[in-house]
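Worksheet: the structure to be examined is printed underneath.
Whatever order the structure lists ligands and atoms in, that order sets their numbers, starting from 1.
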Amino acid sequence: MAIYNLGSVNVDYFYSLPHLVRPGETLAANDFTQGLGGKGANQSVAIAKAGGRVKHIGAMHPVDKRYFDQLEALNIDTTHLFMSETPTGHGIVMVDEVSAENQILVYPGANFAITEQMVDEGLKDATASDWALCQNETSQTEHFMKCAKAKGMKLCYSAAPFDADKTLVMLPLINMLVVNEIEAKDLERALNRPIKECGVEHILVTLGSRGVRYIGSEDEFIMPSPAVDAVDTTGAGDTFLGLFLARYDQTGDQKASLHFAVTGAAIQVTRPGTADAIPSLEEIESAL
Ligand code: RIB
């Protein structure tokens, strides 16, 4: 079974700071690096590292082909990662060296140049046993999910960056919703009822260093995360989701897949970077 991921591809520029920039402040960074990022690409990398089959649907500019090559080298199917004349999206990721917290500014670029036709081509071989996954960092998310639904696929939606209107459109379509605690509260405000009454079969609320809350029609529990010394939490949620979905798709074992995913995400935050910080299958298995 494959996971079709309509996902952003960004070049992430990381600035290591003594504290997060305050309004009106000019602040010198202590370090600068760059690497592959974007919520979609991070999730595809995590799926591939967990041994999942992932087909990434997206767009980027050819000048950044080395990141395309990086995705291919991980056995991610890039047949439908289109080359665009619009610059590749990028993230300005500012990381507080003391707290490991971050602020991220995103320029969508080519991620918003994805067309209906690209999505249709990307989904052409998908079948009912496959998953469709998307986030809120590309164009065509609604079209993608509606096409995937028409094919009988299982649908997972990561409602980040959060947009209440887009999320309300997705709720009747999807099988699995993934949000963090802030997004969960925003969604409850938009719905005017508790998230567990949103009508989605599987809900995952990520809780940062505390792990993840699973809310299902028959079950609700917290899967705690191992305690680690975090240096950079950027992309931890993407890592968690990619690892979880890959494992869940392979095994159907929800609790074991959640345990696997929180363990992998806990390793990822001990390293700087986003996609480059995602651990290998061997690293996660030895930590388990
Ligand atoms: O979730 C982290 C990601 O958000 C970064 O890689 C950045 O590019 C933004 O998309």
With a 3.5 Å distance limit and no angle check, can you tell me whether N111 reaches the backbone of V9 through a side-chain donor-acceptor pair?
yes
Hey, does the side chain of N42 reach the backbone of G38 with a donor-acceptor pair shorter than 3.5 angstrom?
yes
Pick one of side chain, backbone, both or neither for how N42 approaches ligand 1, counting any non-hydrogen atom pair under 4.0 Å.
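Near ligand 1, N42 shows its side chain, while the N, CA, C and O stay back.
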Have a look at ligand 1 and work out which part of H90, if any, has a heavy atom under 4.0 Å from it: side chain, backbone, both or neither.
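Neither; no heavy atom under 4.0 Å.
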Would K196 and E201 count as a salt bridge (charged side-chain N to carboxylate O under 4.0 Å, His left out) here? Give the steps.
CA-CA 9 Å; K196 62 169 77 167; E201 195 183 340; over 6 Å; no
Ligand 1 and G38, any nitrogen or oxygen pair closer than 3.5 angstrom?
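N/O-N/O distance under 3.5 Å: yes.
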Using only heavy-atom distances, determine whether the side chains of Y214 and Q254 contain a donor-acceptor pair under 3.5 Å.
yes
If only side-chain N and O atoms count, and only distance matters, is there a donor-acceptor pair under 3.5 Å linking N10 with Y67?
no
May I ask you to identify the nearest protein heavy atom to [atom], giving residue, atom name and distance to one decimal place in Å?
atom                   : result
atom 4 (O) of ligand 1 : K39 NZ, 3.2 Å
atom 5 (C) of ligand 1 : D12 OD2, 3.3 Å
atom 9 (C) of ligand 1 : E137 OE2, 3.5 Å

In terms of atom number and element, which parts of ligand 1 are under 4.0 angstrom from non-hydrogen atoms of G37?
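By the 4.0 Å cutoff, the relevant atoms are 6 (O).
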Enumerate the atoms of ligand 1 whose separation from the nearest heavy atom of D238 is less than 4.0 angstrom.
1 (O), 2 (C), 3 (C)
With a cut-off of under 6.0 Å to the ring centre and 45° to the axis, is K255 in cation-pi contact with F221?
yes
Less than 4.0 Å is my threshold; does some heavy atom of G235 fall inside it relative to ligand 1?
yes
Does the distance from a Lys or Arg side-chain N to an Asp or Glu carboxylate O, for K65 and D69, drop under 4.0 Å?
yes
